[in-house]
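Contents: one structure, followed by commentary.
The figures that follow rest on heavy atoms only: side chains count, while hydrogens, waters and symmetry mates do not. Proteins get letters first, then strands, A, B, ... in listed order; numbering begins at 1 in each. Since the model is a prediction, treat every value here as computed from it, not as a measurement.
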Protein chains: 2
Amino acid sequence: MDIVSLTPHGRRLTALLVRADDPREKERWALPHDVPRRDETIDEAAVRIERAALGAPPGLLEQLAAFGDRRRHPSNAHVSIGYIALVASGSDGPVADQAAWYPVDELPAIAPRQRSIVEAAMQAIRARLDQSPIAFRLLPPTFTLSQLQEIYELLLGRRLHKASFRRALHASWLVEPTDEWRSEGRGRPAQLFRYAPRRRRGSRRGVRFEGVSGSLGG
Amino acid sequence: MDIVSLTPHGRRLTALLVRADDPREKERWALPHDVPRRDETIDEAAVRIERAALGAPPGLLEQLAAFGDRRRHPSNAHVSIGYIALVASGSDGPVADQAAWYPVDELPAIAPRQRSIVEAAMQAIRARLDQSPIAFRLLPPTFTLSQLQEIYELLLGRRLHKASFRRALHASWLVEPTDEWRSEGRGRPAQLFRYAPRRRRGSRRGVRFEGVSGSLGG
DNA sequence: ACGAATTAGTCACAAAGTGCGACTAATGTC
DNA sequence: GACATTAGTCGCACTTTGTGACTAATTCGT
């Protein structure tokens, strides 16, 4: 099992790496990984591994996929189960010994299978961004809408229009305002919001044919 | 590894089950399953298991997820990797010995973990319907647009409006007409189409907050 | 032969959703 | 007090979507 822990660091997304167990290994860093014990579920194992590396439980932990190509893995396991962990930007302080955050687009040498897991994690995050409260788990409990928009722009890799973003957010009933305001130095103070999803009237839209093109196994 | 093979049978979706290895088992049927060999990737293992059960390679085979709760599995394995196989409706003829198609909403007794894998497969199919050419792999190489719409309605569990469906399909450039027509008894003959995705101008829409509500691990 | 029934396919319009420029608001800086 | 800076809203053109009503081509019944 391999965990891809992500947290925003400034304007970049960073992943948590730990030093390789064996210093003679070719790759000096690795994703936190371990084998599930007999008495735990894989979700429980993921929590345990993440706690060991991060020192605290993550804001969200969800399964990515299983990886069983022939690429090398630090444990030489035949198959890995990848998990994505999201850590709020405020809580990215001290991590475990022998661990460090690296920008996801500038990782040091890690085992090939782990690199492909990180790449798959980034793709999955973009794909699930509108299905799962991913962006909110990368922020502290209360945040400004500009912060939220920045996270979306970071994950999507493109700029969003302020008015459209807020209109869509309002229509979705995902956040509610607090009565606190933050002044971040210069400029007008921003209202703080919290993630508080409400029941929405199911819109029941028609069919979409979004990303369909080709596929494996045809 | 467990394979959920699906094919439409009339107006219902059916899954392929095989007789349990051990007749003393509580559940007499099971999803096709096996352990990957040392020299094969998990994708290769999935193809092998599916061929053994179906007698032919499926139209599409993609990974679902890993399942490692404590529920019972015929092999007593600690974790299962679920795969989804899609079989065209034309080719659902003879299957391997000791195998049969059952409607997914009326499965006989199978191991609890396998039942949850089937349920997860159905959810994943609905979620990926607009990302992956799922519907096309449940149909023969050429098909009418009404057949295609029927598949979508079967998978989504609701009726779609004919004009909207066709408009969206045309805009997506996923199908091209052949010069054949099929007359299916009564009514006007329908033109046959084939799945032939073309490069589309990327629409780059704004953000959607579709299915975000709650989640695990908070 | 001819009309009803049946299935395929299209059109047009109202309603809803989206992109985006331009505006107002509240703060710090000089 | 003017100005830079960030927050937040408005309005409008344009696009997308839901839907009913239409036309088209065939079989079936009499």
Side-chain angles (χ1 to χ4, degrees), chain A residues 10-11 129-130 139 142-154 156-194 200-212, chain B residues 10-11 129-130 139 142-154 156-194 200-212:
Chain A
R11 296 230 173 203
L129 195 53
D130 56 346
L139 287 172
T142 67
F143 46 84
T144 70
L145 297 189
S146 295
Q147 281 182 298
L148 182 61
Q149 184 175 343
E150 255 185 42
I151 294 287
Y152 270 91
E153 293 178 343
L154 182 65
L156 292 172
R158 63 194 168 94
R159 305 273 307 163
L160 298 173
H161 192 273
K162 185 172 46 161
S164 303
F165 179 79
R166 287 168 188 232
R167 193 203 300 137
L169 188 60
H170 261 96
S172 73
W173 293 94
L174 288 178
V175 296
E176 67 181 17
T178 69
D179 44 7
E180 290 180 89
W181 295 73
R182 169 184 302 166
S183 66
E184 195 76 59
R186 47 202 158 284
R188 170 175 168 176
Q191 189 166 17
L192 288 177
F193 287 76
R194 86 165 56 87
R200 275 168 293 153
R201 41 187 182 282
S203 50
R204 294 292 104 198
R205 307 289 294 276
V207 209
R208 303 285 165 78
F209 305 92
E210 305 266 287
V212 189
Chain B
R11 296 227 172 205
L129 196 53
D130 57 345
L139 288 172
T142 67
F143 46 83
T144 69
L145 297 190
S146 295
Q147 281 183 297
L148 182 61
Q149 185 176 341
E150 255 185 42
I151 293 288
Y152 271 91
E153 293 178 343
L154 182 64
L156 292 172
R158 62 192 169 97
R159 308 270 307 160
L160 299 173
H161 193 275
K162 186 172 47 161
S164 303
F165 180 80
R166 285 166 191 233
R167 193 204 297 136
L169 188 60
H170 261 96
S172 71
W173 293 94
L174 287 178
V175 297
E176 69 182 15
T178 68
D179 43 9
E180 290 179 90
W181 295 72
R182 168 184 304 165
S183 67
E184 195 77 55
R186 48 207 158 281
R188 171 174 167 176
Q191 190 165 17
L192 289 176
F193 287 77
R194 86 165 54 86
R200 274 168 293 154
R201 41 190 183 284
S203 50
R204 293 296 102 199
R205 307 287 294 275
V207 208
R208 303 287 165 79
F209 303 93
E210 305 266 289
V212 188

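- Within the model, atoms CZ of A:R159 and CD of A:E150 stand 8.5 Å from one another, a figure rounded to the nearest 0.5 Å.
- Rounded to an integer number of Å, the gap from NE2 of A:H161 to P of D:dA7 is 15 Å.
- Note: A:Q191 CD to A:S146 OG = 12.0 Å, rounded to the nearest 0.5 Å.
- Of all heavy-atom pairs spanning B:S172 and A:F209, the tightest one is CB-CB, 3.5 Å.
- Contact annotation: A:S164 does not reach the phosphate of C:dT18 (side-chain N/O to OP1 or OP2, under 4.0 Å).
- Straight-line distance from the CD atom of B:Q149 to the P atom of C:dT10: 13 Å, rounded to whole Å.
- Annotation: side chain to side chain contact (heavy atoms under 4.5 Å, CB included) contacts of B:L160 (sequence neighbours excluded): A:V207, B:Q149, B:Y152, B:E153, B:L156, B:R158, B:F165.
- Rounding to whole angstrom units, CD of residue B:Q191 and C1' of D:dA24 are separated by 14 Å.
- Residue B:R186 qualifies as open at atom CZ: its count of foreign heavy atoms under 6.0 Å is 12 or below.
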Subject >> Per-nucleotide protein contact string for nucleotides 23-30 of chain C (B base, S sugar-phosphate only, - none; heavy atom under 4.0 Å) >> reply: --BBBS--

For nucleotides 11-16 of chain D, print each protein N/O atom paired with a nucleotide N/O atom at under 3.5 Å, atom names and distance only.
none

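- Atom pair A:L169:CG and D:dT9:P shows a separation of 11 Å (rounding to whole Å applied).
- In this structure, CD of B:E150 is placed 13 Å from C1' of C:dA8, rounded to the nearest angstrom.
- Spacing between atom CZ of B:R166 and atom C1' of D:dA24 amounts to 13 Å, rounded to whole angstrom units.
- Taking CD of B:Q147 as the start and CD1 of B:I151 as the end, the distance is 8.0 Å to the nearest 0.5 Å.
- Across all their heavy atoms, B:R182 and B:T142 have their closest contact at NH2-O, 4.2 Å.
- Heavy-atom distances to DNA chain C give each of B:G206 and B:F193 a nearest nucleotide, and the one nearer the 5′ end belongs to B:F193.
- Closest heavy-atom contact between B:F143 and B:L139: CG-CD1, 3.8 Å.
- Between the C1' atom of C:dT18 and the CZ atom of A:R159 lies a distance of 18 Å, rounded to the nearest Å.
- Side-chain N or O atoms of A:E176 include none that pairs as donor or acceptor with a backbone N or O of A:R194 at under 3.5 Å.
- Regarding B:R182, its CZ atom lies at a distance of 11 Å from the P atom of C:dG9, rounded to whole Å.
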